[in-house]
Amino acid sequence: MKKLICFILLTIAIVGCKEKYDSPVVSPTSGYLVVEGTINVGNVTTEIVLKRTVKLDNPVIIYESGALVSVLGEDNSIYPLNENGTGHYKGSNLTLNKAKKYKLHIQTKDSKVYESDYVEIRNTPAIDSVSKKYNSTGLELYVSTHDATGSTKYYQWDYTETWEYHSPYKQYLSYQQLPPPNINKYTLVYFDPALISFNSAIFTCWPTENSSAIISGSTVTLSDNKIFLPITFITKGSVKLSQLYSINTRQYSLSEGRYNYLQKMKKNTEGTGSVFDAQPSELVGNIHCTTNATEPVIGYIDICNIQEKRIFINNSELPDWNYLAPCLQTEVKNSVDSISFVHDRFLPTDVAKYSPTGLAVLSYFFSTPACVDCTIWGTNKKPSYWP
Amino acid sequence: MKKYSIYLLLFFSLIFFKKGFSQSDTATRVKINCGKCKIADITKQIENQTGLHIYYDSSLFTGKTFTYSTESEQLSKVLTKLLSSESVYYSFDDQKNLFFSKNKSLSLILPESYFTGNKTAIAAANNNTDEEDVSDSKEALFDKKLYEIGDKNNKSQKSILVGGVIKDGKTGQPIAGANVYIENPRIGATTDQFGSFTISLPRGKHLLNIQSLGMRDIKRQVVLYSDGKMDVDMTESIQSLKRVTVSSKKLSNIRGTQMGVQKIDIKTIKQIPMLFGEADIIRAITTLPGVKTVGEASTGFNVRGGAADQNLILFNDATVYNPSHFFGLFSAFNPEVVNSVELYKSSIPASYGGRLSSVLDINSREGNKKEFTGSAGIGPLTSRLNIEGPLVKDKSSFILGGRTTYSNWLFKYLPDDYKNSAANFYDVNLITTHELDKNNSLYFTAYISHDKFNLNSDTAYSYGNRNISLKWKHTYNAKLNSIMSAGMDQYNYEIGSDKLPLNAYKLAFNIQQTNFKAHFNYFYNNKHSFDFGINAVLYKLNPGNFDPNGPQSLVKPDHLQSEQGLESALYFSDHFTVSPKFKIDAGIRLSMFNAMGPTDVNVYAEGVPRSENSVINTLHYDNGKITKTYGGPEFRLGFRYVIDETFSIKGGFNTQRQYIHSLSNTTAMAPTDIWKLSDPNIKPQIGSQFSLGIYKNMRSNTIETSLEVYYKDIKNYLDYKSGAVLVMNHHIETDVIGTKGKAYGVEMLVKKVSGKLNGWISYTWSRILLQQNDPNAGEIINNGNPYPANYDKPNDVTVVSNYKFSHRFSISVNANYSTGRPITLPIGLFDYSGSMRTLYADRNGYRIPDYFRADFAMNIEGNHRVKQLFHNTWSIGVYNLTGRKNPYSVYYVSENGHVNGYKLSIFGSAIPYINLNIRFK
């Protein structure tokens, strides 16, 4: 519908049917508790993250630390989760009894108690495949799975993308500060006087990104418990596929309640307000504040084993990907003043011009750090799974 | 001094002489001897005897012969005797000239006392001096003619029934809603949709007044002897430049019993500037007090705090479920075939039922019974063509109208994002009328509308209305007539997607109703007139069929069980004239709804929220088996008390029941809304309304003002649980909750009905609050406190104005201001699953910014030569003149991990348009 409206506006040479809106709402200061995570019964570590809601004009993440978090069984078994990193509560290899139900128990540092309903343990089927479809606009990745037992009807996925990144410019030179009495004066030195090797530590890196959307699906309306859904789309020319790309997809089996909860959350934030979308709704999960029953708590706890699948895609598999780094080099005169002047903003890459005799350097190339130093984008430590 | 005296004397004598001359002229006795002679023979005799020169148009007396003899009679008496029967006037000037004239501007020879209480009529006639309109003077002739009705020898009958049909003299089309009345005593009647009226008058002489919106007022001198018939042709009123219409009889708003009835004729609708120049009935309706829309992309409208599904929209008695095209940018009614639009918002007649808020009764025109004519229109997005004409001259006629859009070409010029889009719609109307004989007429209406669009997304939508109805009007006698009608109405939509072959689907919905109505009108006497009848509607719904689309699709076919129900009603109402000043309309409607099988009905545990888990049993019912019966009396009560000629008070109390509900958790009336019949788990909505209004006309009734207040109570209005799933839900009753509602408001209207500048200003203050505080319903909304419905817009001001510079050029400006509608706003943010997400506050706790829009239009008509084959009308205008970006909605989206708020405006700028209309013969 939005498209239609925009179309009509376009036909009469008008744009801007959508504008920024500043809310008149003054939100509460303390914030409400947000509980994120899934209790995992497989060999992946269970991680529950506690956060607080924040004001609309302050989109920061505030973690809730100092809480006592544990998983309680119907059989009175207790599995404590320990804070490992602010707001991150972890426990590995929880040996839960599949025949029993468990709940999450949280006591925050202000002595409020939050508890989830008792939840049964779900079994997640394995991911069948993560496949790709390449067309003129880009690369779409799909996940497919099936549950022969038919017990899992609702799924959630998230993923971590990692890609090999090469800096557009190799760094053959580096700054060297001139000794006193010079103040903030720099000259350049060769990384390798033979100009053969370069600073490889900042040339190859592995940036990583986590999914930021709620991806869920259900086989309820499908006849044979098979599901095939797009999980992400990479626009053609994206840096992610400039060399080698890898995606690790995690699959969770959901209860109907959590699926509906995520659907609501998704509707609320990923697509409300266009003319025919549903109205935003209140979120009521399965976690409650037992100290103050009216206090909203955000989150829905499920227990399952997590299934993972990693695939690699090489740039060579995608003809005409046409990655083009958004980078330029600047030529700077070989003088201490010039070099010192650009020192704060640019990194040197290579020699630009020699004197006619070839003995003296007349100028150097410089570029922005983002185009020279790959560690700005990601770690330069090769991941263990990388080929 | 003496010299001066002579001059003075001369001066005075001159005056006296002149005056004396005239007086002596009429007093002059003449001798006439004439047996079957022509007017020329008589004038010659007069000229010879008096020395006067007589001037006249001989065509006035074509074929007329006079037999008149007198030895000596005053000239004035001679002239009166000769001319009065021909409705010809005479006058003198001071040059010894005598004029015979059919023109009113000359002095009347008929004594004023000839008709009692007719002073204003004469004043009105005298005011027409500037008018040199042929039809006007012809009408003046009829005005003065004396019509004899009935058998002169029948002297026993005291009270005489006069019936008849009021028609447009030019096209032969009946005029609905015309007032027929006499002044003294005050007795009146109104024509029905077929132009028929019945009035009971005392024996003797009367001046019968006939008035209708947009038509020239008509007066008929009648002498009644016994029951009889009188048909009248009216002519269109063309407002001339200097004409001042002075009339004490424009009293329909003062005298009608019904309150909260708004009637707009199509001419007024066409004057209101509209988007892309398309005259739009629904949008015109929303300029009236008490009628609102949630925004520009919705033709669904809200009347007095009612939801969009609480309006019964009738097109020639056929129910239209989706009155919009193109997402509501255009209404689905072709303005070229529409005659009048009536909106009942408080006193709903007992003959209508089934919806809580209002009845929008759209009546089509009848085709021209005299000649073939047509019209065509070209606009930026749509074009239309209409043809009409007689099937049998003066007996039957047809009108065929169609509209379509050719907007697809525009997509080619758009950015790639829209290249594969398509959107089109059409609608076709066919209306035929056949007069079998004087007492029997048949009316046939067929209507189809269809919309299809696909906005480059993978989803294609289509929807359409189909209606067919046959009506038979039968007059038993002057007192009793009936209208029987039968018809089928259908609405369907389909959504389909084939982007992902494995998931390709088709979702179809349809509703079909078969209806039968028998309506009787019995004119008992001047005090009582009864309406009674029966209605029956059989509904069949397919609430959703979800099927695979394509061979690869793994979509599991899913069909919601069909629904069936019978709504029937029996009604009786009395229009009781207690006294000429006090009138009562009292009606009762007994309505009943039977939900019927074949169906499986879930039985839910008592006292716990309905959910899939609380189903304790599922009962199966066979085809036709009644699963649940709802029903009860609905009361319709209205009164009118006239304080004086220009001032009246009206009030009403009304109850309504609604057995069909539309389910939508969008604010707009979306094509994908689902309709649901009441069943054992979904109770009917019940509404009651009290209303009171005062009506005052000013400046010789050229300004009408009204003030109405109302209070409404609504039960079982359906709202949704948070995140309800409405599409393909096998147990929808678990996702909806019944709420209590109350609505109240004040509506003010000032309307200038005639003159160069005409239009209206309306102001409405109103609230609609819902409440859900029953913990067993499954969800308490806003802690059980009342919350505004999402179409609650407390303040609303609308100005509609039209200024006529000439017959051919007019300018219209309208403006609308209203409070922004409520929305549910976010109160906080939280990070979840890698993105910032929003936490929402109370339902409908905040409002979007206020709405303001002004539109401007110029209407230019080509020349008015009657003989010309083509008549062109241009309409040029600007929609949203100030270019204000009125937000339709405010929403928050998570984009790259940030939550951003946006305002969405449907029309973010001024939109110029041009539209050409061609009428041809």
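A note on names: the letters A, B, ... follow the listed sequences, proteins ahead of strands, and every chain is numbered from 1.
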A.B. asks: Given that the side chain runs from C-beta out, which part of Pro548(B) has a heavy atom under 4.5 Å from chain A: side chain, backbone, both or neither?
C.D. replies: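 The answer is neither part of Pro548(B).
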
A.B. asks: Identify which part of Val49(A) has an atom lying under 4.5 Å from any heavy atom of chain B, answering side chain, backbone, both or neither.
C.D. replies: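 Nothing of Val49(A), per the 4.5 Å heavy-atom cut-off to chain B.
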
A.B. asks: Any side-chain heavy atom of Tyr832(B) within less than 4.5 Å of one from Leu262(A)?
C.D. replies: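 They are in side-chain contact.
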
A.B. asks: What's the verdict on side-chain contact (heavy atoms from CB on, under 4.5 Å) for Leu839(B) and Tyr32(A), showing C-alpha distance, side-chain angles and the deciding distance?
C.D. replies: CA-CA 10 Å; Leu839(B) 180 69; Tyr32(A) 305 115; 3.4 Å; yes

A.B. asks: What's the spacing between Ile298(A) CD1 and Arg837(B) CZ if we round to 0.5 Å?
C.D. replies: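 Going from CD1 on Ile298(A) over to CZ on Arg837(B), the span is 12.0 Å.
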
A.B. asks: Between OG of Ser833(B) and CG of Asn210(A), what distance do you get to the nearest 0.5 Å?
C.D. replies: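 Answer rounded to 0.5 Å: 9.5 Å.
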
A.B. asks: If you round to the nearest 0.5 Å, how far is CG of Leu554(B) from CD1 of Ile227(A)?
C.D. replies: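 So the CD1 of Ile227(A) and the CG of Leu554(B) are separated by 10.5 Å.
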
A.B. asks: Residues two or more places apart in sequence or in another chain: which of them pass side-chain contact (heavy atoms from CB on, under 4.5 Å) with Asn248(A)?
C.D. replies: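 Only Arg250(A), Glu308(A), Arg310(A) meet the side-chain contact (heavy atoms from CB on, under 4.5 Å) criterion with Asn248(A).
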
A.B. asks: Measuring heavy-atom distances to chain B, does Pro230(A) have an atom under 4.5 Å in its side chain, in its backbone, in both, or in neither?
C.D. replies: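 For Pro230(A), side-chain heavy atoms alone lie under 4.5 Å from chain B.
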
A.B. asks: With a 4.5 Å heavy-atom cut-off, do Leu829(B) and Thr53(A) have their side chains touching?
C.D. replies: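 The answer is no; the side chains never approach within 4.5 Å.
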
A.B. asks: Taking atom CZ of Phe830(B) and atom CZ of Arg52(A), what is their separation to the nearest 0.5 Å?
C.D. replies: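 Here the interatomic distance stands at 14.0 Å.
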
A.B. asks: Quick test of your reading: applying salt bridge (Lys or Arg N to Asp or Glu O under 4.0 Å), list the pairs with at least one residue in residues 207-218 of chain A, sequence neighbours left out, ordered by first then second residue.
C.D. replies: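 For residues 207-218 of chain A, and leaving out neighbouring residues, the salt bridge (Lys or Arg N to Asp or Glu O under 4.0 Å) pairs sorted by first residue read Glu209(A)-Lys240(A).
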
A.B. asks: Short question: side chain of Lys55(A), backbone of Gly828(B) - any donor-acceptor pair under 3.5 Å?
C.D. replies: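 Not a single qualifying donor-acceptor pair exists.
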
A.B. asks: Give, as side chain, backbone, both or neither, the part of Leu229(A) having an atom under 4.5 angstrom from any heavy atom of chain B.
C.D. replies: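 For Leu229(A), the contact with chain B is made by the side chain alone.
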
